[in-house]
Protein chains: 2
Amino acid sequence: MAAELKKYKMKLRDHGLKVTEKRMTMIELFLNEDRYLSAKEVQEQLHKTYPSLSYDTIYRNLYTLKEIEVLENTNFEGEMQFKISCSDHHHHHFICEECGNTKVIHYCPVDTWQNELDDVEITNHKVELYGLCAGCK
Amino acid sequence: MAAELKKYKMKLRDHGLKVTEKRMTMIELFLNEDRYLSAKEVQEQLHKTYPSLSYDTIYRNLYTLKEIEVLENTNFEGEMQFKISCSDHHHHHFICEECGNTKVIHYCPVDTWQNELDDVEITNHKVELYGLCAGCK
DNA sequence: TTACAAATCGTAATGATTACTTTATAATAA
DNA sequence: TTATTATAAAGTAATCATTACGATTTGTAA
């Protein structure tokens, strides 16, 4: 097993979760595909290895892995999509609408916005850029 | 009829669309509720006046009104929601997670982001702030 | 190896959204 | 004002993502 997977095994154990084949295969899939995947895409990919994998398992694990910050998610094109969590500091993403690949954006002016709207309390925010990546332009 | 509604009547005509009772009532609803409404909320409100109003009509008109920029929409809480288009210049929204009311945000650093990711072409972006408004804090 | 809680399966239910055929209505011209 | 026509709406069914749940299997710790 690749060294990187051990890190994820430990993360599951640290949270009192079981290390199951399905979960590890799911994590491997996300490591190989560094972009947002829908539940359906996950099902299609994992169906090859586990023909009986149910949506119940897929959705439960997607959200479990999100809880422990292995994955991050966003509502993209009308459905919830997930990708491997790529950075340990606050960031947002650019998503290529052609190929789906993502790039991390570091600049985030949430403080400026909090300042502009000083009578509200911002508890959460979403920033997402869409367009064409260098390769797809 | 309120003077404001005439503006919307003309906008429909300018786009070659018919001015129907249902459409005008829908626009009135959005003018009265200055926040994001789901298709279901629109159905519940308009059901009082039009008990037979179908979802087909609701969805078609929501997207028609969005096309001509009478409404704007966003995917919020897992469903597509619509609100009256409130400003004629580029802007984003703060949405109160308690009462649903929105505030316009004027600052948008899309140029800064384009600069940070200078090898991609940003064609679209989403910025949304969530939290508690002054009243709900 | 056993026992138990957690995870998965298989399948059904739900809820938002879309599709489609028939019917009604707004706009236009005579 | 009326007839004509294209657009809009009704009524209903289908689709698709997501959730739910009882029965079964599996990972883990003793």
Side-chain angles (χ1 to χ4, degrees), chain A residues 1 5-6 8-29 36-68 70-71 73-82, chain B residues 1 5-6 8-29 36-68 70-71 73-82:
Chain A
M1 173 183 302
L5 284 181
K6 291 206 176 134
Y8 291 103
K9 269 193 165 181
M10 286 190 346
K11 195 154 193 174
L12 283 166
R13 292 221 173 87
D14 287 349
H15 286 83
L17 296 167
K18 291 184 179 174
V19 176
T20 67
E21 276 186 50
K22 320 269 160 94
R23 278 178 179 157
M24 294 313 293
T25 309
M26 198 177 275
I27 292 171
E28 278 187 275
L29 169 62
Y36 282 103
L37 300 176
S38 65
K40 193 182 169 201
E41 283 177 289
V42 171
Q43 197 279 328
E44 283 165 1
Q45 289 293 321
L46 298 193
H47 179 76
K48 298 167 189 167
T49 318
Y50 304 105
S52 66
L53 189 67
S54 78
Y55 272 103
D56 181 277
T57 300
I58 291 170
Y59 278 102
R60 190 168 20 72
N61 281 337
L62 289 174
Y63 282 99
T64 299
L65 293 174
K66 186 216 155 184
E67 285 308 309
I68 64 173
V70 168
L71 299 179
N73 67 345
T74 186
N75 203 307
F76 182 49
E77 292 177 341
E79 55 194 0
M80 193 55 79
Q81 304 206 12
F82 296 80
Chain B
M1 173 182 301
L5 284 181
K6 291 208 176 132
Y8 290 104
K9 268 194 167 182
M10 286 189 346
K11 194 153 195 176
L12 284 166
R13 292 220 174 86
D14 287 349
H15 286 85
L17 296 168
K18 291 185 179 174
V19 176
T20 67
E21 277 187 47
K22 320 269 160 97
R23 279 179 179 158
M24 294 314 293
T25 309
M26 199 178 274
I27 290 171
E28 279 188 274
L29 169 61
Y36 282 104
L37 300 176
S38 65
K40 193 182 169 200
E41 282 177 289
V42 171
Q43 197 279 329
E44 283 164 2
Q45 289 294 320
L46 298 192
H47 179 76
K48 298 166 188 166
T49 317
Y50 304 106
S52 66
L53 189 67
S54 78
Y55 272 103
D56 182 277
T57 301
I58 292 170
Y59 277 102
R60 189 166 23 71
N61 281 338
L62 288 174
Y63 283 99
T64 299
L65 293 173
K66 187 216 154 184
E67 285 308 310
I68 64 173
V70 168
L71 299 180
N73 67 346
T74 187
N75 203 306
F76 182 49
E77 292 176 341
E79 56 193 0
M80 193 55 80
Q81 304 207 11
F82 296 79

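No hydrogens, no waters, no symmetry mates; every other heavy atom, side chains included, goes into these values. Below, chains carry the letters A, B, ... as their sequence lines are ordered, and counting in each starts from 1.
- In this structure, CG of L53(A) is placed 14 Å from C1' of dT25(D), rounded to the nearest angstrom.
- For R60(B), counting side-chain heavy atoms from C-beta on, the closest listed nucleotide (dT18(C), dA8(D), dA7(C)) is dA8(D).
- Out of dT17(C), dA17(D), dA10(D), the shortest distance to the side chain of E79(A) is found at dA17(D).
- Of the candidate nucleotides dA26(C), dT17(C), dT8(C), dT17(C) has the atom nearest to the side chain of A39(B).
- Taking only distance into account, the side chain of K40(B) never meets the base of dA16(C) through a donor-acceptor pair shorter than 3.5 Å.
- When the nucleotides dT17(C), dT19(D), dT26(D) are ranked by their closest atom to the side chain of M80(B), dT17(C) comes out on top.
- With rounding to whole Å, L62(A) atom CG is found 13 Å from dT19(D) atom C1'.
- When rounded to the nearest whole Å, the span between CG of L65(A) and C1' of dA6(C) equals 15 Å.
- For the pair Y63(B) OH and dA8(D) P, the interatomic distance rounds to 17 Å; values are reported in whole Å.
- Closest non-hydrogen pair, V70(B) versus K11(B), comes out as CG2-CD, 4.0 Å.
- Between L71(A) and I27(A), every side-chain heavy-atom pair lies at or beyond the 4.5 Å cut-off.
- Between N75(A) and dA17(D) there is no side-chain N or O to OP1 or OP2 distance below 4.0 Å.
- Protein atom CE of M26(B) is 11 Å distant from nucleotide atom C1' of dA9(D), rounded to whole Å.
- The side chain of Y59(A) contributes an N or O atom lying less than 4.0 Å from OP1 or OP2 of dT18(D).
- For S54(A), the listed nucleotide lying nearest its side chain is dC9(C); candidates were dA8(D), dA16(C), dC9(C).
- Taking atom NE2 of residue H15(B) and atom P of nucleotide dA8(D), one finds them 13 Å apart after rounding to whole Å.
- If you check distances only, the side chain of K18(A) never reaches the base of dT28(D) with a donor-acceptor pair under 3.5 Å.
- In this structure, N75(A) CG and N75(B) CG are separated by 3.5 Å, a value rounded to the nearest 0.5 Å.
- The side chain of Y55(B) lies closest to dT18(C), out of dT18(C), dG10(C), dT19(D).
- Below 30°, between 30° and 60°, or above 60°: for F82(A) and Y63(A) the angle between ring planes is above 60°, a perpendicular geometry.
- Nearest to the side-chain atoms of N61(B) among the listed nucleotides dA26(C), dA9(D), dT18(D) stands dA9(D).
- D56(A) comes within 4.0 angstrom of a nucleotide base, judged by non-hydrogen atoms across all strands.
- Here K22(A) reaches the OP1 or OP2 of dC9(C): one of its side-chain N or O atoms lies under 4.0 Å away.
- Residues T49(B) and E21(B) fail the side-chain proximity criterion, which asks for heavy atoms closer than 4.5 Å.
- Not one side-chain nitrogen or oxygen of S38(A) sits closer than 4.0 Å to the OP1 or OP2 atom of dA17(D).
- Proximity note for S52(B) (side chain, C-beta onward) versus dA8(D), dA5(C), dG11(D): the nearest is dG11(D).
- Within the structure, a side-chain polar atom (N or O) of T57(A) is placed less than 4.0 Å from OP1 or OP2 of dC9(C).
- Residue I58(A) contributes atom CD1, which lies 11 Å from atom P of dT18(D) at whole-angstrom precision.
- In this structure, the side chains of L37(A) and L29(A) come closer than 4.5 Å at one or more pairs of heavy atoms.
- Distance CD (E44(B)) to C1' (dG15(C)): 13 Å, rounded to an integer number of Å.
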